[in-house]
Enquirer: 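Before I ask anything, here is the structure I am working with.
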There are 2 protein chains.
Amino acid sequence: MTNKLIDKDEHIMEASLAIKAIAHPLRLKILCVLAGDELSVQEIVDSVGTTQSNISQHLAILRDKGVLATRKDANRVFYRIGDPRTLKLVGMMRDVFCST
Amino acid sequence: MTNKLIDKDEHIMEASLAIKAIAHPLRLKILCVLAGDELSVQEIVDSVGTTQSNISQHLAILRDKGVLATRKDANRVFYRIGDPRTLKLVGMMRDVFCST
DNA sequence: TCAAAATATAAGTAGTTGCTAATTTAGTGC
DNA sequence: GCACTAAATTAGCAACTACTTATATTTTGA
């Protein structure tokens, strides 16, 4: 019927928003260190390597778009990938960019 | 050894650049109408729906990043997806965003 | 050679993004 | 309550993006 990969404008917009969320190197790296794991903000800061404020802002972007979910424990906040589609996307990135 | 999805910074940057290229709704739509096909600029303008100048500028972005390849025939220019990784990426988008 | 069609480029500008630095909020334990 | 740690928020600014409008280039065909 059609050979277009995505044929509804609504799907285009949805995909575009999701892709934008992960198109920033710091955010992509955050998603990579969170793969499978659940980490506190400080652990993410240590792994990714920029300021706490900067990480916090990127976490907020990902959280607001529904990509990340959070859990609070005492005075720390733990983040994990809460959106299965994003997990799938990031996994696919590895196949495309990290294979021979 | 590691559970990170992508573990080299160089891969992160590479992936991030590629993702940025397709993160714009018009560019994603261009890639979708080009799936499999080879189309002239005017055909892309008609399919995607904005000005010729705007399309031309987005085509230039995709061309400069090596995503699209071109072929000139008379006074028309035909574009096609020239990067297999991008084709794979856009295909995967469909799986993620267009399934039940 | 001239007009028309197809595409590309350039200049200007509004809107967005991403950072830094400073401040604030919330929770813990003394 | 106070000091400390963890995290979020705010303000300001520099850089970048995407669009519009106008113009240039290339090719065709009469």
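In what follows, every chain begins at residue 1, and chains take the letters A, B, ... in the order their sequences are listed.
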Enquirer: Heavy atoms under 4.0 Å, any strand shown: does B/Lys72 hit a base, just sugar-phosphate, or nothing?
Expert: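 Sugar-phosphate: the residue B/Lys72, judged by heavy atoms under 4.0 Å, touches backbone atoms but no base.
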Enquirer: Measuring from the side chain of B/Asn54 (C-beta onward, heavy atoms only), which nucleotide among C/dC19, D/dA7, D/dT20 has the closest atom?
Expert: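 Of all the options, the side chain of B/Asn54 is nearest to D/dT20.
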Enquirer: Does A/Gln52 reach a base, just sugar-phosphate, or nothing at all? Heavy atoms under 4.0 Å.
Expert: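 Counting heavy atoms under 4.0 Å across all strands, the contact made by A/Gln52 includes a base.
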Enquirer: Are A/Glu43 and A/Arg76 close enough for a salt bridge, meaning some N to O gap below 4.0 Å?
Expert: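 Looking at A/Glu43 and A/Arg76, the cut-off is not met.
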Enquirer: So, OP1 or OP2 of D/dC19: does either fall under 4.0 Å of a side-chain N or O from B/His24?
Expert: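 Indeed, a polar side-chain atom of B/His24 lies that close.
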Enquirer: Using a cut-off of 4.0 Å on non-hydrogen atoms, how would the nucleic acid contact of B/Tyr79 be classed: base, sugar-phosphate, or nothing?
Expert: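 Sugar-phosphate, no base atom in range.
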Enquirer: Where each residue is assigned the nucleotide of DNA chain C containing its nearest heavy atom, which of A/Arg76 and A/Lys20 is assigned the position nearer the 5′ end?
Expert: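 That would be A/Lys20.
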Enquirer: As a test of reading the structure: which of C/dT20, D/dA18, D/dA8 is closest to the side chain of A/Ser56, going by heavy atoms?
Expert: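 Closest nucleotide among those given: D/dA8.
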Enquirer: Once you apply a heavy-atom cut-off of 4.0 Å, does A/Ser53 come out as touching a base, just sugar-phosphate, or nothing?
Expert: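 The answer is base, as A/Ser53 lies within the cut-off (heavy atoms under 4.0 Å) of a base atom.
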Enquirer: Please pick, from D/dT20, D/dT9, D/dT28, the nucleotide with the shortest atom-to-atom distance to any side-chain atom of B/Ala74.
Expert: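 Closest nucleotide to the B/Ala74 side chain: D/dT28.
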Enquirer: Look up atom CG in A/Leu87 and atom CD1 in A/Ile81, then write down how far apart they are to the nearest 0.5 Å.
Expert: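 If I round to the nearest 0.5 Å, the distance is 5.0 Å.
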Enquirer: Where the side chain of B/Asn75 is concerned, which of C/dT20, C/dA8, C/dA5 is the nearest nucleotide?
Expert: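 The answer is C/dA5, which lies nearest to the side chain.
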Enquirer: Roughly how far, to the nearest 0.5 Å, is CZ of A/Arg27 from CD of A/Gln57?
Expert: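 Result: 11.0 Å between the selected atoms.
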